Amino acid sequence: MATTRKSPLARKGKKTTRHPGVGKARRRGSPVSGKTGSRNRESGAAIAKTSWFRLVYEGMTDAFVRVDMKGQLKDFNRPFVQMVGYDARELRKMTYSDLTPEQWHEAESDIITHQVLTRGYSELYEKEYRRKDGSIVPVELRTVLLRNGRGRPIGMWALIRDCTARKHVEERLRLTEEKFAKAFHLSPDAVNINRLSDGVYLAINEGFSKITGYSAAEVIGRSSVPGDLGLWVRQEDRDTLIAGLRERGEVSGLEAEFRMKDGTIKLGVMSAKVMQLDNELCIFSVTRDITERRLSDEALRRSEAEHRHLIETMPDGVYRSTHDGKFLEVNPAMVKILGYSSKEELMAIDIPTQLYFTATDRESAALEEKLEEMAIFRLRKKDGSEVWVEDHGRHVLGNDGRVLYHEGILRDVTERTKGEELLRASEERMRAIIEGTPQQFFYTQDAEGNTTYVSPTVEHITGYPPEVWMKQRDWFITDAEVNKRAVQVTHARLAGERIDGPLMIEIWRRDGQPILLEVYEHPVMKNGKVIGLQGVAHDVTEQKHAEEALVRSLKEKEVLLKEIHHRVKNNLQVICSMLNMQASEAQVEAVTTALQEAQARVLSMALIHERLYSVADFSHVDLLEYSQSLANHLARTWKRPGIRVSVGGSQTFVGVDAAIPYGLILNELVTNALKHAFAGREKGEVNVFVERQSGTSVEMGVKDDGIGFPPGKDFKDMVSMGMTLVTNLVTQLNGTITLMDGDGAHFVIRFSA
């Protein structure tokens, strides 16, 4: 609530000085008559004017200051006192230069000389004041010259405004602009600005150039549309973007394919927004390259399918259940262990009441809060009998620390032991593991990372007794970076962060030999807080050496297997050469033809082994490449220069068991076409086609434009060796062969491989 400030003249008990003439006029009782009355009226107006300026002076929010020509402070208002932090008595002993930091002195002196003294006032300018506490206040002010009645300068006055808030806003704006510029240029995503009307690029960032291969000079001023840069693979994707921008002003999560400078295709996810620049509608867009992510997702899906198959076929039960006691997922082994007829039947039961005999049983089987552990307990099967199980279970937590579900692996151990003997045996076994396993040691740590226990086997593995090991925080790790990473992981786990997977650490034994440890750690929880860690370290040095030896052995076996394929190929080529020599010496044409056909069949198998010798993966043969080689050889063998043999399709990989019959079938069909399809003709065409249709299905075709089969004659009834061999080989492949309708002969064979 505002208060009315009384004039000093009205304060009780204070001596007041009246304005000259006022007292006399009142004493004479004629304030409005004659010459004296006129003077009194003028004095009254002056007093009223002075009071008005005093009211403005004292009530304004900007600071006011008046100085003499030496800069001595003569008058100032309360905002000025509050601005600089000095009291009035201190200020009257100071000059404006005393309040101004030294770096402003020269500039302000120049303003006074060339502006204030020259024309009587200055332009609005900025400077700083140093407050009494040493802090700096940015201000803006205009200085005005004061003159006496004779026009001589007698001082200066100024209105001063505190610019601190404005400076903060300007600084935030500058920082925001810098952040935007950094985000624009340093973003790994492609960021660009285009005109909405024609798609012309106005700006791109380095991420755009890195992803697409185009420099800014190659892009700015050009458009992404077909006919120019042509970045969009599908025009409909760009149409979707433009339609969304015109309708909603923004588009998010649009996936599209883009053509790079080198012609490769990449998949990107785009978000864009319409913005106005220089009175023109533009598109601001960010595109992230998700090509590798999509490939990773596909690989992940394949991996998940493989894991699903593993879970479905493993002999141990696998389950996932809610905290309240309902199964979310079970595998067939879980159904079998508990004696139910189907997954659906088992998942419909209430776990607390139907799977446990008593509440005590369930309590003994329950995981400690938020821990992963192994426990042995009994469960009730569907028929009421008991089954003892070994459960490796854990809680899965959400981001809020609450239990989302339980999951684990359940093994039937009924036949191994019974009741209390099983529990005692389990305890003894665990103690034996902790205390006596020579290739691993157990340890615990407190919340500060200090080792509080280590099993005696640490001395067998490292050479250091437990009491020495517990005092060594760095574990004698050989590499400083690995040690730093291990400390970071330990601290993160103690802080409650979940980090899965082991740490691989190389340490120095006491005898100076390096050994490799595989370390697993799990948090110890109490009342929802991590109070320490428990871990196990496995000595995997010998395992590592064994793996390296196995890799060397596999490489040796690969070399040996390649040599076997090489020798088989050479032997088959020797047979081909012998058949060729025999054919050249034969006097009977039928014998020559038979030997040539036999040579082609042997060569079809030799080519298979030649392919296996030249590739690293012995289990796959590319039928397309193989078909091209075999077709070219047959064309040379039968010497029909006017007959063109072509091969088309796509890369199709099969195992050697399918490749050999495929090659023999292809040999017979192409040979039959070259020998019989073009009787009386010099020119013709034989087309071979092979591709994988879907999954394991492979389709091959051999088509010629020759005379074809006689009408009404079934090729399967033919008694020639070639067609009999083809039919038998198709049966061997569990496939089908079809003679298609039309001119010439067109065989289509389908099989799985």
Side-chain angles (χ1 to χ4, degrees), residues 569 572-573 576 596-597 599-615 617 619-678 681-694 696-709 715 722-723 725-727 729-730 732-733 735-740 742-753:
K569 183 262 296 182
L572 291 174
Q573 286 184 336
C576 287
Q596 287 177 335
E597 291 177 352
Q599 178 192 10
R601 291 169 184 139
V602 173
L603 182 65
S604 70
M605 292 183 288
L607 286 175
I608 296 292
H609 291 282
E610 183 178 17
R611 290 290 177 276
L612 292 174
Y613 173 70
S614 62
V615 298
D617 188 355
S619 63
H620 290 79
V621 177
D622 183 3
L623 295 185
L624 179 63
E625 182 183 2
Y626 170 67
S627 300
Q628 291 170 338
S629 299
L630 182 58
N632 291 337
H633 173 77
L634 292 173
R636 291 193 301 270
T637 299
W638 296 104
K639 299 177 182 179
R640 299 293 302 271
I643 308 302
R644 190 173 77 90
V645 180
S646 63
V647 178
S650 60
Q651 279 190 326
T652 305
F653 293 96
V654 299
V656 65
D657 292 340
I660 290 177
Y662 171 88
L664 291 171
I665 292 170
L666 181 62
N667 175 77
E668 296 302 323
L669 293 178
V670 174
T671 298
N672 187 63
L674 292 172
K675 287 175 58 181
H676 305 295
F678 305 100
R681 291 170 52 184
E682 294 297 327
K683 294 185 178 181
E685 187 170 349
V686 179
N687 303 114
V688 178
F689 182 81
V690 61
E691 70 173 3
R692 187 173 295 281
Q693 294 295 308
S694 62
T696 61
S697 178
V698 176
E699 179 177 295
M700 68 171 290
V702 178
K703 179 181 180 181
D704 63 65
D705 59 355
I707 59 178
F709 277 77
F715 72 93
M723 291 310 300
L725 182 60
V726 167
T727 303
L729 289 172
V730 171
Q732 180 181 331
L733 288 172
T736 61
I737 180 171
T738 305
L739 178 61
M740 309 300 290
D743 297 334
H746 182 191
F747 289 95
V748 175
I749 298 170
R750 297 180 179 87
F751 61 93
S752 296

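Not measured: the values here are computed from a predicted model. Residue numbers count from 1 along this sequence.
Taking the six-membered ring where the residue is Trp, Tyr662 and Tyr626 present tilted rings, their angle falling between 30° and 60°.
Between the OG1 atom of Thr652 and the CG atom of Asp622 there is a distance of 7.0 Å, given to the nearest 0.5 Å. Between atom CG of residue Asp704 and atom NE2 of residue His676 there is a gap of 11.5 Å, rounded to the nearest 0.5 Å. Note that CG of Leu729 is 11.5 Å distant from CG of Leu666, once rounded to the nearest 0.5 Å. Taking NE2 from His746 and CG from Asp705, the interatomic distance works out to 12.5 Å, rounded to the nearest 0.5 Å.
Applying the side chain to side chain donor-acceptor pair (under 3.5 Å) test to residues at least two apart or on different chains, the pairs with a partner in residues 641-650 are Arg644-Glu685, Ser646-Asn687.
By the 4.5 Å heavy-atom criterion applied to side chains, Ile665 and Leu733 are counted as neighbours. Counting heavy atoms from C-beta on, the side chains of Val730 and Phe751 never come closer than 4.5 Å.
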Q: Under the side chain to side chain contact (heavy atoms under 4.5 Å, CB included) rule, what do Leu674 and Leu634 come out as? Steps first, then yes or no, please.
A: CA-CA 9 Å; Leu674 292 172; Leu634 292 173; 4.3 Å; yes

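In this structure Arg750 satisfies the side chain to side chain donor-acceptor pair (under 3.5 Å) test together with Glu699, sequence neighbours excluded.
Atom CG of Asn632 sits in a crowded spot, with more than 12 heavy atoms from other residues, nucleotides or ligands closer than 6.0 Å. Around CD of Glu682, the count of heavy atoms belonging to other residues, nucleotides or ligands within 6.0 Å does not exceed 12.
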